[in-house]
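Only one structure is covered here, and it is reproduced in the block below.
Below, all heavy atoms of this structure are taken into account, side chains as well, without hydrogens, waters or symmetry copies.
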2 protein chains.
Amino acid sequence: MLFTTATGYALRALAGLPEDGSFCLAKDLAARLDIPGPYLAKILQGLVQSDLLESVRGPKGGFRLTRPAHRITVGEVVAALEGPDSLDGCIMGFPTCGGDHPCPLHEAWGAVKAQVATSMTQATIRDLQLMDLRHLKEAKDRSGGSRP
Amino acid sequence: MLFTTATGYALRALAGLPEDGSFCLAKDLAARLDIPGPYLAKILQGLVQSDLLESVRGPKGGFRLTRPAHRITVGEVVAALEGPDSLDGCIMGFPTCGGDHPCPLHEAWGAVKAQVATSMTQATIRDLQLMDLRHLKEAKDRSGGSRP
DNA sequence: TTAATTTAGGACTAATCTGTCCTATTGTAT
DNA sequence: ATACAATAGGACAGATTAGTCCTAAATTAA
Ligand code: SF4
Ligand code: SF4
């Protein structure tokens, strides 16, 4: 997979939050998305630090997006979870890439990198919302909707 | 990074082996490439299992490529280290991707995936050899060539 | 045959990632 | 005020990855 599980959880969570500005409980979100509750809570707290979410404590509290979903790019979320430089350096992990003497693969991998970066900055959470609902619906249909 | 460190080590090691069919000691290779020796040895042994390397024990032994470097693709190495399906499934880690209702990002990510796969099958160890020598030379020049 | 050298293989440790749990702190409702 | 509900935060446990170490087996050289 291209991202870590935590990043995937974050993307799913952001896509799963309501767009109407209402607050959503971490545990509800976790149950709905089938993500380990406490782990998701930690990830959401991190997203608050990254200013992608805001939270209030206590009853009626929860999390909500700080911006509309179509204004949050996948790249921002990835950067928040995996650092802003997760695509920097040699895509194959080689050390000390010399920009002056790139290997024959550098250009091809650079193109891959650029395409990933472009996709990440163009794709928004809004795009994922559509997918997420469909996926969840399918999973629900398959399982009968009850999970002990 | 797109691959694991072990995969990166494997690629570096394969690129660092001589092309003339002579055997190379694991520890020499490790020293030359600045990779932890025992760890590299394990990785090389795994590559023997995957039929990318052959080995002989004892003095005058070591490892060598089973095929010329230009006949070993990066994809083969990645498959040997990370499994043949490392690019399957949702590139963002979402579960239960329905092929019937792909999300708006599916096509873009699929293109990324395809480009990665294509690059991996077209790029060979031979391509990496050129790079590796240059990188090593640069590193050597910078450090003065002595490492205690 | 004996000794030295090197891979093979497994057990072990260290670090990171994933996930859980407990306690504070903050907010709401009574 | 009090009780309750939720996030904040840190300590903790498990799994996977990264890396080390030791012993056995194979090969060469003497
Ligand atoms: S030149 Fe080769 S080794 Fe260096 S970053 Fe580019 S692809 Fe990687
Ligand atoms: S449809 Fe969306 S969620 Fe499913 S695999 Fe494609 S990109 Fe991932």
Exercise for the section: Starting from the 5' end of DNA chain D, give me the residue, B/Lys60 or A/Gly62, whose nearest nucleotide shows up first. Expected result: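 Mapping each residue to its closest nucleotide by heavy atoms, the 5'-most match is A/Gly62.
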
Atom [atom1] of [X] to atom [atom2] of [N]: distance rounded to whole Å?
X       : N      : atom1 : atom2 : result
A/Asp28 : D/dA6  : CG    : C1'   : 11 Å
A/Leu81 : C/dC17 : CG    : P     : 12 Å
B/Leu40 : C/dG9  : CG    : C1'   : 16 Å
A/Arg64 : D/dA6  : CZ    : C1'   : 16 Å
B/Glu54 : C/dT7  : CD    : P     : 14 Å
B/Glu82 : D/dT16 : CD    : P     : 16 Å
A/Lys42 : C/dC21 : NZ    : P     : 13 Å
B/Asp34 : D/dG19 : CG    : C1'   : 14 Å

[X] vs [N]: side-chain N/O to OP1/OP2 distance below 4.0 Å:
X       : N      : answer
A/Gln49 : D/dA8  : no
A/Tyr9  : C/dG19 : yes
B/Lys27 : C/dT6  : yes
A/Thr5  : C/dT18 : yes

Problem - Donor-acceptor contact below 3.5 Å, side chain A/Glu82 vs main chain A/Phe3 - result: no

Please name the pair of heavy atoms, one in [X] and one in [Y], separated by the smallest distance, quoted to 0.1 Å.
X        : Y       : result
B/Thr66  : B/Asp51 : OG1-O, 2.9 Å
B/Leu40  : B/Ala26 : CD2-O, 3.9 Å
B/Trp109 : B/Met92 : NE1-CE, 3.4 Å

Exercise for the section: Return yes if the base of C/dT6 and the side-chain atoms of B/Arg57 contain a donor-acceptor N/O pair under 3.5 Å, otherwise no. Expected result: no

Assign [X] to base, sugar-phosphate, or nothing according to its heavy-atom contacts below 4.0 angstrom with the strands shown.
X       : result
A/Pro36 : sugar-phosphate
A/Ala26 : sugar-phosphate
B/Leu25 : sugar-phosphate

Handout entry: Residue met sooner reading DNA chain C from 5', once A/Tyr39 and B/Ala41 are mapped to nucleotides
Key =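 That would be B/Ala41.
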
Handout entry: Nearest-nucleotide comparison on DNA chain C, the residue closer to the 5′ end among A/Gly58 and B/Ser55
Key =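 Taking each residue's closest nucleotide, the earlier one in sequence belongs to B/Ser55.
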
Practice task
Would you mind reporting whether B/Leu128 and B/Leu14 have side-chain heavy atoms less than 4.5 Å apart?
Solution key: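 No - every pair of side-chain heavy atoms lies 4.5 Å or more apart.
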
Problem - Nearest-nucleotide pick for B/Ala6, side chain only, options being D/dA18, C/dT18, D/dA5 - result: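 The listed nucleotide nearest to B/Ala6's side chain is D/dA18.
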
